[in-house]
Amino acid sequence: MSSLPRPRTGDLIAGLCVAGLLLPEAVAYASIAGLPPQQGIFAAVAGCFVYALVGRSRFAIVSPTSSSAAILAATLATLPDEGAVKLAATTVVVVLVAAFLLLAAVARLGNFTGFVSRPVLRGFAFGLAVTIIVRQLPHLVGLDAASSDLLHIIPQLVAEVPHWNPFAVACGGTALAALLLLRRFPAIPGAFLVLAGGVAVSTVFHLEAHGVAVVGTIDMMPAWPSWPALSWPDYSQLARFALPLVLILFAESWGTIRALSLRHGEAVEADRELAALGFANMASALAQGMPVGAGFSAGNASEAAGAATRATAIITALGLAILVIFGGSFVAHLPEPVLAAVVIAALVHALDPAPLARLWALGRDQYVAVAAAVAVLALGVLNGMLVAIALSLTAVVQRLAAPQVAQLGRLGTTHDYVDLARHPDAVAPKGIAIWRPAQPLFFANADRIMGIIAASSRSEPDIHAVVVSLEESFDLDSTALDALVEFDAVMRQAGLRLQLARAHDRVRDLLAAAGASDLVERCSYSVDDAVAAVAP
């Protein structure tokens with residue numbers, strides 16, 4: 001646990017500004033999950049406070065996020081529709097999330113977040129934003145949504161136009177317009193100002209009497225967490241959904257933390273942030289809160305407001321608690337259309353098509369991103385999330401398993417060896433074929449790559465030796481090791497001498513352990529040395 005830096009003036013200003021943003025967002029995200037508003041507030045206070053003590057980013061604001069709220073809502077929807085059960089089950093989910101994050105930190109798995117690729121995250125975020133925004137539209141116009149299915153919500157909205165509540169439409173529409181306008185001034189706590197305005201309008205014009213739903217009383221007396229009497233299948237189902245929630249939550253949080261840190265030249269460590277998020281979620285569970293992570297909007301608001309140290313998060317937590325304790329009775333009058341406007345405004349940035357358009361311009365990963373977005377829209381949040389994660393892993397395996405082998409030649413009189421297909425001025429050494437697999441050798445590609453090299457080598461005229469550069473293979477699994485040893489035997493039968501170039505020490509150790517001591521002696525640290533070793 002790291003010591004907390006001395007607060008500065010910028011921390012005080014930033015903390016209070018972010019507290020004003022978090023209050024309506026925490027209440028709104030709790031409503032997305034179908035939980036009482038205090039669950040979101042408890043989570044934000046606990047998350048901010050504990051992350052500031054353990055984490056390292058001065059900009060990260062750890063609180064409920066739209067994605068975690070939507071995934072939690074879909075998870076709780078699989079349980080009996082009882083308030084007490086869902087509250088207790090939420091605690092179970094948050095405990096599981098915290099436990100998985102802490103175990104991952106102990107196992108130093110922070111870099112595994114890279115297995116959820118950015119294109120998949122962008123597609124998932126786009127689909128999730130559309131899903132949440134559409135589901136908020138009935139609240140914005142004062143209707144009770146009869147279905148959570150996107151294909152039914154929009155026709156229902158159109159059919160129910162005559163029954164839209166004009167007071168709700170005016171209140172929600174004005175709030176949304178004000179939020180979008182105030183986004184141009186990030187130093188201004190626009191969400192808090194809109195919240196205050198909504199409460200004032202609701203109180204003065206008695207909107208509740210005109211059929212506009214309000215948040216209601218916020219119970220700020222936390223109860224001791226209770227463990228629900230669920231069946232073992234229910235617990236196993238919660239655990240199954242908690243795992244992908246952890247992956248998405250940390251990938252989203254790490255993306256925010258890393259981007260803000262790189263922008264300011266600061267160093268952060270993935271495993272440290274894993275542990276910080278784990279402790280923050282454990283604190284949220286003890287406070288009967290929701291899953292928490294470092295959200296994009298809150299982190300950017302903290303940066304824009306001038307956060308100087310991690311004390312900003314402490315001030316945010318204290319400011320949020322004070323706002324609710326002394327203003328809870330006023331927040332009870334907050335119209336739900338204003339909350340819907342807060343959610344929609346917070347997710348507008350995720351609808352920006354520029355990141356997806358850039359993928360199309362690059363011609364890389366665009367179909368994966370679109371598939372992730374379509375999966376969320378067509379299959380729902382939970383199944384869409386699982387499909388998005390599967391897409392990431394499939395893309396990794398497909399890229400690694402696709403055999404790509406380059407034949408190398410010497411560049412002029414230098415010691416550099418480059419791809420002959422890309423450098424026509426390079427020349428292959430006489431009587432020697434040099435091959436370089438573009439991917440690390442592992443069980444899914446080793447046999448195919450060795451087969452391609454064997455066939456290509458036998459078709460080369462007048463060669464007596466083959467050099468294989470293993471620069472991409474820091475380590476080998478047993479399948480790749482066997483494929484390499486078998487390839488050596490095939491080359492012997494073809495009357496060709498095999499020399500390994502750029503063979504890492506770990507690969508040499510494995511070859512020695514496998515009894516291939518002769519092949520170890522034919523390992524070189526550079527392509528130039530390997531060519532010299534087999535030159536006539």
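The structure presented is a predicted model; accordingly, all values stated were derived computationally and were not measured.
- When all heavy atoms are compared, the tightest approach of Ala70 to Leu128 is CB-CD1, 3.7 Å.
- Salt bridge annotation for Arg58-Glu303: absent, with no cationic side-chain nitrogen under 4.0 angstrom from a carboxylate oxygen.
- In this structure the side chain of Leu249 reaches within 4.5 angstrom of the side chain of Asn281, judged on heavy atoms.
- Scanning for ring-ring contact (aromatic ring centres under 6.0 Å, His included) contacts around Phe167 gives His210, with sequence neighbours left out.
- Residues Asp365 and Leu359 approach most closely at O-CD1, 4.1 Å, considering heavy atoms.
- With sequence neighbours excluded, no residue forms a side-chain contact (heavy atoms from CB on, under 4.5 Å) with Ala99.
- The heavy-atom pair separating Cys171 from Leu207 by the smallest distance is SG-CD1, 4.1 Å.
- Remark: side-chain polar atoms of Gln366 are paired, donor with acceptor, to backbone N or O of Arg364 under 3.5 angstrom.
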- Trace of the side-chain contact (heavy atoms from CB on, under 4.5 Å) decision for Val18 with Leu320: CA-CA 9 Å; Val18 176; Leu320 181 58; over 6 Å; no
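- Counting heavy atoms from C-beta outward, Val324 and Leu23 have side chains that approach closer than 4.5 Å.
- Classification of Arg108 and Glu269 as a salt-bridged pair holds, one side-chain N sitting under 4.0 Å from a carboxylate O.
- Every residue meeting the ring-ring contact (aromatic ring centres under 6.0 Å, His included) condition with Trp360, not counting sequence neighbours, appears here in chain and number order: Tyr367.
- Distance check, rounded to the nearest 0.5 Å: CD1 of Ile257 to CG of Leu277 gives 5.5 Å.
- Residues satisfying the side-chain contact (heavy atoms from CB on, under 4.5 Å) criterion with Val134, sequence neighbours excluded, are Val130, Leu150, Ile153, Ile154.
- Here Glu160 pairs with nothing under the salt bridge (Lys or Arg N to Asp or Glu O under 4.0 Å) rule; sequence neighbours left out.
- Between Phe241 and Val93, every side-chain heavy-atom pair lies at or beyond the 4.5 Å cut-off.
- Residue pairs meeting the side-chain hydrogen bond (donor to acceptor under 3.5 Å, both in side chains) criterion with at least one partner in residues 32-55, sequence neighbours excluded, are Tyr51-Glu273.
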- Message: Please evaluate residues Leu334 and Val214 with respect to the criterion side-chain contact (heavy atoms from CB on, under 4.5 Å), reporting the C-alpha separation (whole Å), side-chain torsions for both, the decisive distance (0.1 Å), and the verdict.
- Response: CA-CA 5 Å; Leu334 178 65; Val214 296; over 6 Å; no
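- When side chains are defined from C-beta on, Val370 does not count as touching Phe126, because their heavy atoms never get closer than 4.5 Å.
- Here Phe59 pairs with His264 under the ring-ring contact (aromatic ring centres under 6.0 Å, His included) rule; sequence neighbours left out.
- A 6.0 Å sphere centred on CZ of Arg240 holds more than 12 heavy atoms belonging to other residues, nucleotides or ligands.
- Taking every heavy atom of both residues into account, Val45 and Ala321 meet most closely at CG2-N, 4.2 Å.
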- Let me see the working for Val387 and Leu379 under side-chain contact (heavy atoms from CB on, under 4.5 Å), right down to the final yes or no. CA-CA 9 Å; Val387 169; Leu379 304 177; 3.7 Å; yes
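- Considering every non-hydrogen atom in both Val343 and Ala28, the closest pair reads CG2-CB, 3.3 Å.
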- Message: Please evaluate residues Leu121 and Ile248 with respect to the criterion side-chain contact (heavy atoms from CB on, under 4.5 Å), reporting the C-alpha separation (whole Å), side-chain torsions for both, the decisive distance (0.1 Å), and the verdict.
- Response: CA-CA 8 Å; Leu121 276 178; Ile248 290 293; 4.3 Å; yes
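- Taking CG of Leu16 as the reference point, atom CD1 of Ile322 lies at 8.5 Å (rounded to 0.5 Å).
- Take Leu179 and apply the side-chain contact (heavy atoms from CB on, under 4.5 Å) test, not counting sequence neighbours, and it matches Ala191, Val194, Ala341, Val342, Ala345.
- Evaluation of the ring-ring contact (aromatic ring centres under 6.0 Å, His included) rule for Phe330 yields no partner, not counting sequence neighbours.
- Rounded to the nearest 0.5 angstrom, Gln156 CD and Leu143 CG are separated by 6.5 Å.
- Judged by distance alone, with hydrogens and angles left aside, the side-chain atoms of Thr75 form a donor-acceptor pair with the main-chain N or O of Ile71 at under 3.5 Å.
- The closest side-chain donor-acceptor pair between Ser68 and Thr65 falls under 3.5 angstrom.
- Pairs engaging residues 188-206 under the side-chain hydrogen bond (donor to acceptor under 3.5 Å, both in side chains) rule: none recorded [sequence neighbours left out].
- Of all heavy-atom pairs spanning Ala60 and Ser57, the tightest one is N-OG, 3.2 Å.
- Side chains of Ser67 and Glu252: a donor-acceptor N/O pair is present below 3.5 angstrom, by distance only.
- Between Ile132 atom CD1 and Ile344 atom CD1 the span is 10.5 Å, to the nearest 0.5 Å.
- Arg56 contributes no side-chain N or O that, together with a main-chain N or O of Arg272, makes up a donor-acceptor pair within less than 3.5 Å.
- Although no hydrogens or angles enter the test, the distance criterion places no donor-acceptor pair under 3.5 Å between the side chain of Ser253 and the main chain of Phe250.
- Inter-residue side-chain proximity for Leu102 and Phe279 is flagged as met; some heavy-atom pair is nearer than 4.5 Å.
- Two residues are said to be in side-chain contact when any heavy atoms from C-beta on lie closer than 4.5 Å; Val368 and Thr394 fail this criterion.
- A 4.5 Å side-chain heavy-atom check between Val292 and Cys48 finds every atom pair outside the cut-off.
- Side-chain contact between Leu260 and Thr256 is present, with at least one heavy-atom pair separated by less than 4.5 Å.
- The CD1 atom of Ile13 sits 10.0 Å away from the CD1 atom of Ile315 when rounded to the nearest 0.5 Å.
- Pairs passing the ring-ring contact (aromatic ring centres under 6.0 Å, His included) check and including a residue from residues 284-319, sequence neighbours excluded, read Phe296-His349.
- Taking the side-chain contact (heavy atoms from CB on, under 4.5 Å) definition, one finds that Ala105 meets it with Leu274, Ala275, sequence neighbours left out.
- Trp164 places no side-chain N or O within 3.5 Å of a backbone atom of Pro138 that could act as its donor or acceptor partner.
- Between the side chain of Asp11 and the backbone N or O of Thr309 there is at least one donor-acceptor pair closer than 3.5 Å.
- A distance of 7.5 Å separates CG of Leu195 from CG of Leu339, quoted to the nearest 0.5 Å.
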